[in-house]
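Before any comments, here is the structure.
We count residues from 1, following the sequence as given. The structure displayed is predicted, hence computed values, not measured ones.
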Amino acid sequence: MTQVSGGPAERELPPAAVDDEVLLAEQRAWTPWKIAVWVGIALLGGLAWVMLALVRGETVNAIWFVFAAVSTYAIAYRFYSRYIENRLLRPDDRRATPAEYKENGQDFLPTDRRVLYGHHFAAIAGAGPLVGPVLAAQMGYLPGTIWIIVGVIVAGAVQDYLVLFFSMRRGGRSLGQMAREELGRVGGIAALIATLAIMIILIAVLTLVVVNALGESPWGVFSVALTIPIALFMGVYLRFLRPGKVSEVSWIGFALLIGAIVAGGWVAETGWGQALFTLDRTTIAWGVIIYGFVAAVLPVWLLLAPRDYLSTFMKIGTIVLLAVAIIVVRPELAAPAFSEFAGRDDGPVVAGSLFPFLFVTIACGALSGFHALISSGTSPKLVEKERQTRLIGYGGMLMESFVAIMALVAALSIDRGLYFAMNSPASLTLGTVEGAAAFVNQLGLMGVNVTPDQLATTAALVGEESVVSRTGGAPTLAVGLANIMAQFIGGPAMMSFWYHFAIMFEALFILTAVDAGTRVARFMLQDAIGTVVPRFADTSWKPAAWICTALMVGGWGAILVMGVTDPLGGINTLFPLFGIANQLLAAIALAVCLAIAARRGRVRYLWIIVVPLAFAAVVTVTASMYKIFSPDPKIGYWAQHFAFRGAIASGETSFGTAGTPQAMAAVVRNTFVQGTLSILFVTLALVVIVAAALAAWRSIAMGGRPDNEDEPVPSRLYAPAGIIATPAEKELEKEWTEAVGTPARSGH
């Protein structure tokens, strides 16, 4: 029994953790039934991979994507993540987490693992797993599928898990703070500058996807706008009206969400609804900028946590429902394993060859540096027990990877001609059904012959004026999801409902990443300024919080407006920079983890970090070199910059995709910014990686060094590690309930 302070008198409590021997015995207990289940999972996964990778037919059934993904994730979570837990990290539930020993009711708060899983997943799952796979579908289904599933197991989920654990052990320190401690002055400053600059780009591109999805869509604008008061209501309900009633408020929130979608359809059909909610992209961009500021300064419990929790139900529920629909409907995908553009540089959706651009286009579904900011931002300040970091970090990323697979399947399920008509920029399709049909048909795609009537009919079915050049991936995913779901429930008459359901689903995905990301960026900026002005390091000091939030929102807001007004299509030119920056940030995060793990003396297991770090470094540096030095204006930012500058100097009034002198000047300005950022990002990332390698080498040579973890504090609370408690965990939980009653932690 643990002797702890219990208010006026000392109280004896049950142990804060399951006994190590009992825990190990449970993990090693293999019954014939358990063996049969895992053999079945392995056989199903193996069959699915054979069907995807080796069997070559004219079509491939979508169910094999579901089976391959789920089986592989299950095996990786059960065995590989447990290996990392036992060999590299060794969590100890007897130690209090920062949420417990720093609890302040605002940023540090012990949160039920299921609620925190929802918050963390909602925060990390932004536009990337939805948009990247859709854009990369241009290259065929197999390269993207392999990278999404294998990449997340050995890279993305590993990064998220390690950063979350190491940040938690350091009192919830940010990635920049940990870099400064581990890498020295030069490496720390480089990491901090890179992290802040990259964060601005990431949030801007995430937001641009929302803006493109909602532009000129009154139904979408109205429905998504309603999610804000719904989230505020849930926060107040859970905090003051019915504390602890998570299930109750979840059902209420879900019902209100469905009501918002249905009401959006009614409003969009009225004259006043059309007038009020048919907004251009620039107006929507300013609205999201204002939202980002407000959401980042409000208390976590009021908007951020309830919105994340609400959107998690929507996200996970929709993805699971889509997976079930795929198994029932069994759609055949006509896309090839490797498309005509897999080995070419001139794809109309994403320019560049398969290597390295596939790996930076599909970022968040397989490996995402943005996640390291969340894993060292809000989540480590909320986790109850150390062993829960495996569920939150590794398990949360596996769920995001499944989202990416479902997005890829949805994009591949629609007609290939429609796919290219939707994702090619208006400069190529002329923004009309006739122009889009003519452009797609001249691409020379096998078996593709799209007609203007087909494009117009699709737009009418989903309740939109047009689907031509709806770039950004979100509308394509919505059409694919609507097509599959309509076959599952409702038929063609439900296409418009399912399309706008998907748009809201995507907007919720992205806005949760925008508000959480802005808050994390504010923390990082406060920390940086706090080294000079100590008062700024206090995250609860409102003047500092407001000033730093305004600076970060101003940064990503400026890039957002630049993307919205970009004559080259915005998302088509910014997304490669987004992907490269995201993966460079992942390399930075893994480099910091390498230095920390080496300091702990875990040399035998450093390969767990070195493998994904080396791959991420090679891919992103190669992609950066292409974007900086390629002479092809479709790929290189500087080649594009000088081509347009030359056209302006020669007196031309239109050039390439820019039809006016103002548009040409915008291209020159935008490519200068993008090219400069490319040089800055890759330089800073290389500095950090070299500094981390040197720090790791010093630690290895010395046989380990003293760590920078907070002093251990005995824990005075208990909670199971996984979603479902094991028998030993249930027994200990029962002891705690008998001793102190139901724990009054957030989310109960």
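Other residues, nucleotides and ligands place no more than 12 heavy atoms under 6.0 Å from the CZ atom of Arg645.
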Just list the side-chain donor-acceptor pairs under 3.5 Å for residues 347-356, sequence neighbours left out, or say none.
from   : atom 1 : to     : atom 2 : distance (Å)
Ser353 : OG     : Phe355 : O      : 2.7

Between side-chain atoms of residues 473-484 and protein atoms elsewhere (two or more places apart, or another chain), which donor-acceptor pairs fall under 3.5 Å?
from   : atom 1 : to     : atom 2 : distance (Å)
Thr476 : OG1    : Asn423 : OD1    : 3.3
Thr476 : OG1    : Asn423 : ND2    : 2.9

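Here the side chains of Val66 and Met406 are in contact, with some heavy-atom distance below 4.5 Å. Looking at Lys634 and Asp345, their side chains never come closer than 4.5 Å, going by heavy atoms from C-beta outward. Residues Val448 and Leu443 are not in side-chain contact: their nearest non-hydrogen atoms beyond the backbone lie 4.5 Å or more apart. Contact annotation: the side chain of Val163 approaches that of Cys593 to within less than 4.5 Å [non-hydrogen atoms, C-beta and beyond]. Within the 4.5 Å cutoff, the side chain of Phe121 has no heavy atoms near those of the Met397 side chain. Phe681 is listed as a side-chain neighbour of Leu577, based on a closest heavy-atom distance under 4.5 Å.
Between atom CG of residue Leu162 and atom CD1 of residue Ile608 there is a gap of 8.0 Å, rounded to the nearest 0.5 Å. Remark: Ile679 CD1 to Lys627 NZ distance equals 13.0 Å, nearest 0.5 Å. Separating the CG atom in Leu585 from the CD1 atom in Ile201 is a distance of 12.5 Å, to the nearest 0.5 Å. Distance check, rounded to the nearest 0.5 Å: OG of Ser401 to OH of Tyr73 gives 2.5 Å. For the atom pair Ile148 CD1 and Ile153 CD1, the distance stands at 12.0 Å (nearest 0.5 Å). Between the CG atom in Leu584 and the OG1 atom in Thr620 there is a gap of 4.0 Å [rounded to 0.5 Å].
The aromatic rings of Trp147 and Phe615 sit tilted, their planes meeting at an angle between 30° and 60°. Between Tyr80 and Trp607, the ring planes lie tilted relative to each other; the angle falls in the 30° to 60° range. Below 30°, between 30° and 60°, or above 60°: for Phe672 and His641 the angle between ring planes is between 30° and 60°, a tilted geometry.
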**Study point:** Verdict with reasoning, Phe420 to Phe341, per ring pair (Phe, Tyr, Trp, His ring centres under 6.0 Å)
**Key:** CA-CA 12 Å; Phe420 283 100; Phe341 297 106; 5.6 Å; yes
Exercise for review: Kindly indicate, with the supporting measurements, whether the criterion side-chain contact (heavy atoms from CB on, under 4.5 Å) is fulfilled by Val70 and Phe402.
Suggested key: CA-CA 8 Å; Val70 172; Phe402 190 55; 3.8 Å; yes
Practice item. Evaluate ring pair (Phe, Tyr, Trp, His ring centres under 6.0 Å) for Tyr141 paired with Phe338, printing each intermediate quantity in order. Key: CA-CA 7 Å; Tyr141 70 77; Phe338 294 89; 8.2 Å; no
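Among residues two or more places apart in sequence or in another chain, the side chain to side chain contact (heavy atoms under 4.5 Å, CB included) test is passed with Val468 by Thr429, Val433, Ala436, Leu455, Ser466. For Ile648, the side chain to side chain contact (heavy atoms under 4.5 Å, CB included) partners at least two apart in sequence or on another chain are Met664, Val668. Remark: Thr518 pairs with Trp556 by the side chain to side chain donor-acceptor pair (under 3.5 Å) rule, at least two apart or across chains. Residues satisfying the side chain to side chain donor-acceptor pair (under 3.5 Å) test with Tyr161, not counting sequence neighbours, are none. Annotation: side chain to side chain contact (heavy atoms under 4.5 Å, CB included) contacts of Ala617 (sequence neighbours excluded): Ile689. Legend: residues meeting side chain to side chain contact (heavy atoms under 4.5 Å, CB included) with Leu196, ordered by chain and number and at least two apart, are Leu192, Met524, Leu525, Met552. Remark: Asp346 pairs with Arg344 by the side chain to side chain donor-acceptor pair (under 3.5 Å) rule, at least two apart or across chains. Taking Thr145 as the reference, nothing meets the side chain to side chain donor-acceptor pair (under 3.5 Å) condition, with sequence neighbours excluded.
For residues 581-590, the set of pairs meeting the side-chain hydrogen bond (donor to acceptor under 3.5 Å, both in side chains) definition, not counting sequence neighbours, comprises Ser368-Asn582. Identified under the side-chain hydrogen bond (donor to acceptor under 3.5 Å, both in side chains) test for residues 402-419, with sequence neighbours left out: Glu340-Arg416, Asp415-Gln454.
For the 3.5 Å distance criterion, the side chains of Trp49 and Thr72 qualify, holding a donor opposite an acceptor.
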